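Following: one structure in structure tokens, then a few remarks.
If you're wondering where the values come from, they're calculated on a predicted model, not measured in any experiment. In what follows, chains are A, B, ... by sequence order, proteins preceding strands, each numbered from 1.
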Amino acid sequence: MAIERYNPRASEQKWQKAWDEAKLFETDDNAPGETYYVLEMFPYPSGRIHMGHVRNYAMGDVVARFKRAMGYNVLHPMGWDAFGMPAENAAMQNKVHPKHWTYENIAAMRGQLKTMGLSLDWSREFATCDVDYYHRQQMLFLDFLEAGLIGRKTSKVNWDPVDNTVLANEQVIDGRGWRSGALVEQRELAQWVFKITDYSQELLDALDDLDQWPDKVRTMQRNWIGKSRGIDVQFKLTDPVEGHDEIICYSTRPDTMHGASFIAISPDHPLSIALEGDNAELASFNADCRRLGTSEEALEKAEKLGFNTGIRVQHPAEGRSLPVWVGNFVLMNYGTGAVFGCPAHDQRDLDFARKYDLPVRNAFYLASDGADVASEALVPAKSDVVDYVNHFAGVTTATGEEAINQTIAWFEQNGTGKAKEQFRLRDWGISRQRYWGCPIPVIHCDDCGAVPVPKSDLPIELPEDISFDLPGNPLDRHQAFLQVKCPGCGKDAKRETDTMDTFVDSSWYFARFATPHAEDPTIPAIANKWLPVDQYIGGIEHAILHLLYSRFFSRAMKRTGHLDVDEPFKGLFTQGMVVHETYRDDSGWITPAEVRVEDNDGNRIAIHLESGKPVEIGSIEKMSKSKKNVVDPDDIIASYGADTARWFMLSDSPPERDVIWTEAGVEGAHRFVQRIWRLILGASEGLKQAEPNPAKEGDALAISKAAHKTLQAVGSDLEKLAFNKAVARLYDLINQIAAPLNQIAEGKADVQTAQATRDAVDKLLAMIAPIMPHLAEEIWAQLGNTTMISALPWPVFDPQLVADDEVTLPVQINGKRRGEVVVSKQAEGKAVEELVLSLDFVQNHLQGNAPKKIIVVPNRIVNIVV
RNA sequence: GCCCCCUUGGCGGAAUUGGUAGACGCAAGGGACUUAAAAUCCCUCGAUCAAUUGAUCGUGCCAGUUCGAGUCUGGCAGGGGGCACCA
């Protein structure tokens with residue numbers, strides 16, 4: 001009897017509908033079972049889902065389905081990170097309203113996601129651009145403001161002087177505006193900031209307890225917060241100028257003060273700005289510096305340039321005078337905006353000194369040699385012992401750490417310096433001069449200042465009658481939005497037209513999912529039941545900003561009574577990207593769909609389908625529109641089905657690493673889908689008649705052992721999100737039960753084999769169900785079951801079947817494997833030694849000599865040292 | 001430039017976290033079935049030499065620790081992520 005091929009198109013729709021109708025994945029807050037909240041980072045509605053989404057949501061779905069089967073009450077919601085620049089760009093380019101563009105994209109992507117068969121609770125869906133959502137975000141803003149968590153600060157933005165508009169860092173290309181091409185300037189704007197720095201120490205300390213986060217993310221956050229201990233040192237100007245009589249420099253290495261040979265201040269240092277008035281050359285130098293834009297990367301990568309102000313300061317310990325330079329590499333927003341340059345012990349300072357012919361003085365030498373610094377700065381670790389020269393703090397031979405402490409003490413006693421703890425973390429500026437974002441609920445009154453909008457007047461809705469014909473924020477020209485009465489004094493006032501950074505939207509959406517329709521931002525009793533998110537899954541690119549802001553936000557929400565957790569994400573998993581080969585010809589990049597790849601005597605060649613001409617195969621890169629190396633999930637799901645796409649996304653590559661999308665890989669995954677179907681359906685008559693019953697002895701024992709061992713291992717793999725390992729084990733299990741399944745199909749299997757195989761098949765389907773839920777449901781139904789497998793509990797393995805009483809030990813001689821020996825698991829070390837020494841190949845290698853040492857690692861290895 | 005991560009056969013990767021390197025999959029080659037093709041099934045598959053049960057080398061490169069290193073330490077190279085207004 002020929003088995004029809006599995007038809008994913010029919011089955012997948014059928015089961016998606018069945019799950020929907022049974023409301024299987026709609027979460028009841030009060031359902032029994034321990035709560036488990038699994039969340040994937042919600043997508044930006046760009047218009048189409050991409051393979052990165054497929055991978056992300058496939059992972060989350062496996063966790064959700066697995067945990068549901070383990071008896072947890074699972075929350076697995078989905079929404080849309082829907083504010084942001086692309087909608088405004090679309091509005092400018094295609095004359096489409098950001099709102100319509102966004103909601104159409106959401107509708108399209110929702111449809112795509114639904115074909116994946118994800119176990120999502122769609123009843124909790126929302127978009128951050130829904131008035132219902134940003135209304136509550138405005139409520140949170142007001143509460144934060146009242147609680148003193150929000151302040152006003154000026155900060156720098158990229159200003160396009162032609163378009164008269166603020167540019168994002170990514171819109172500044174080589175110092176020019178992306179549209180106008182004008183040289184970018186920096187502007188100071190008054191901005192709303194969230195006072196994340198109030199929590200610097202706490203955000204740092206709490207990282208230690210996030211033991212279900214990747215270490216690399218915790219390290220990155222630690223470095224980002226950047227706590228340092230150092231000193232503010234006073235340098236008196238030899239002649240006060242423009243009302244300035246000193247420069248304060250922050251340093252973490254005051255032990256190098258003896259080597260100080262210049263002072264460098266930021267172009268934005270108050271002194272530098274003060275000097276601009278009488279010094280046109282300096283003004284022009286500073287203006288050039290400000291054209292680099294505001295990104296730290298651009299500043300750091302730029303050639304290090306300096307301007308000698310001609311001003312001098314006195315070395316506070318040695319009395320000699322030092323020149324004051326303005327340096328383009330000194331950041332105003334870190335420390336005091338001024339540093340002392342010690343060329344001997346800092347490579348950047350050394351390069352600067354060589355360039356501008358400044359002296360290089362060693363503050364210390366390595367004990368081994370007293371060589372002066374030449375082209376490489378001497379930068380030992382703080383824990384290294386070095387010889388200090390003529391050190392004012394009395395230090396001669398000490399570690400950097402000791403010398404730093406003594407130097408700080410010396411300066412404090414001397415009254416010329418003050419110990420200081422410093423954080424690199426800055427307050428979070430949230431003001432954006434854009435339309436498509438959450439309006440900031442504040443009104444500016446000439447008399448009362450910035451006045452919060454009363455909660456009863458919320459929401460402040462974005463007006464829809466706007467146009468992007470002119471550059472800049474359309475809200476600035478919208479009179480009906482702009483003109484309001486001051487809530488304090490009733491006089492004419494102006495509404496704030498800045499909107500919030502989209503990171504604000506994504507800093508609390510996970511909390512809103514607990515009560516997506518509540519009047520208040522949260523209902524604490526319910527939110528606290530679900531939070532923190534047990535497993536959060538998303539891209540490593542969010543390792544710092546999104547995650548740090550969210551960590552701040554949950555603390556701020558706790559302080560304002562909306563939540564009672566500090567940390568929003570208990571478990572974090574950062575998945576790798578989906579990458580693909582690139583293809584190009586003379587006319588540019590070509591999509592994989594337009595190309596056929598062939599094997600030509602071991603060389604892979606690509607051919608353009610339409611023209612038949614060869615195409616160059618380029619490097620493997622992150623799927624992106626610009627390189628056109630994208631594969632549309634719709635196409636894959638239409639031709640192979642969602643299960644194949646899900647299976648392939650989770651097989652082979654470990655989830656935290658990049659995965660290369662290949663046609664061959666997808667086809668392999670699809671063959672496996674068909675193989676399971678064929679093997680089990682071929683034996684379905686026999687299987688239906690067999691009671692599932694694991695074998696305890698005889699030939700069928702191997703089947704049951706394989707099934708139960710796999711069940712144990714897959715369970716622990718899924719617990720660790722090691723999907724690729726689980727997949728490999730499932731391949732293995734199918735290989736092992738293929739022969740008995742064929743026997744059953746041919747009617748040649750005995751009862752024991754049939755029963756053991758039925759048990760193994762039941763286990764196999766349960767294990768496959770989280771990954772390929774439609775296929776598992778379909779086969780499960782074909783075996784005569786009437787309950788959906790998605791609603792069944794995870795099976796339990798038999799401990800007796802997973803235990804082995806013998807183990808194969810490799811035997812090494814001098815660390816090289818020479819053979820192996822089978823011993824009982826309980827065998828004593830002595831007995832193993834004797835057994836091993838009696839082996840022929842061991843005797844041969846020993847050649848009559850007595851072994852020097854025998855190392856027996858129980859149940860692992862034996863090593864004989866000769 | 002700074003911070004973080006990655007590097008194992010032709011390819012994706014596995015290796016019980018210091019204990020048999022290459023599980024599992026893909027690709028390739030050989031064979032079976034077939035009028036033929038597809039599908040399917042079986043075998044081989046790190047390199048070099050012995051030519052079978054053996055030997056040597058081999059986890060980006062160079063050192064080191066250890067009875068034993070893919071795994072730990074130091075240095076180097078290449079690739080990737082982030083750098084505060086992309087999301």
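For the ring pair (Phe, Tyr, Trp, His ring centres under 6.0 Å) test, residues two or more places apart in sequence or in another chain that qualify with A:Y509 are A:F42, A:F513. For the ring pair (Phe, Tyr, Trp, His ring centres under 6.0 Å) test, residues two or more places apart in sequence or in another chain that qualify with A:F329 are A:F352. Taking the salt bridge (Lys or Arg N to Asp or Glu O under 4.0 Å) definition, one finds that A:K720 meets it with nothing, sequence neighbours left out. A:D498 pairs by the side chain to side chain contact (heavy atoms under 4.5 Å, CB included) definition with A:S431, A:Q433, A:I440, A:E496, not counting sequence neighbours. Contacts of A:K725 classified as side-chain hydrogen bond (donor to acceptor under 3.5 Å, both in side chains), with partners at least two apart in sequence or in another chain: none. Scored by the ring pair (Phe, Tyr, Trp, His ring centres under 6.0 Å) test, A:Y731 finds A:W647, A:F672 as partners (sequence neighbours excluded). A search for ring pair (Phe, Tyr, Trp, His ring centres under 6.0 Å) contacts involving A:H50 returns A:H53, not counting sequence neighbours.
Near RNA chain B, meaning a heavy atom under 4.0 Å from it, residues 81-93 of chain A has A:D81, A:G84, A:M85 in order of number. For residues 164-174 of chain A, proximity to RNA chain B is found at A:V166, A:L167, A:A168, A:N169, A:E170, defined as any non-hydrogen atom under 4.0 angstrom from a strand atom. Within residues 296-305 of chain A, the residues approached by RNA chain B to less than 4.0 Å at the level of any non-hydrogen atom are A:E296, A:E297, A:E300, A:K301, in residue-number order.
Donor-acceptor pairing under 3.5 Å, judged by distance alone, is present between the side chain of A:R434 and the base of B:C85.
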Mark up nucleotides 45-54 of chain B, 5' to 3', with B wherever a protein heavy atom is under 4.0 angstrom from a base atom, S wherever such an atom reaches only the sugar-phosphate, and - elsewhere. ----------

Dot-bracket assigned to RNA chain B with the 3.5 Å Watson-Crick/G-U criterion, [ ] for crossing and | for other-strand pairs, is (((((((..(((......[....))).(((((.......))))).((((....))))..(((((..]....))))))))))))....

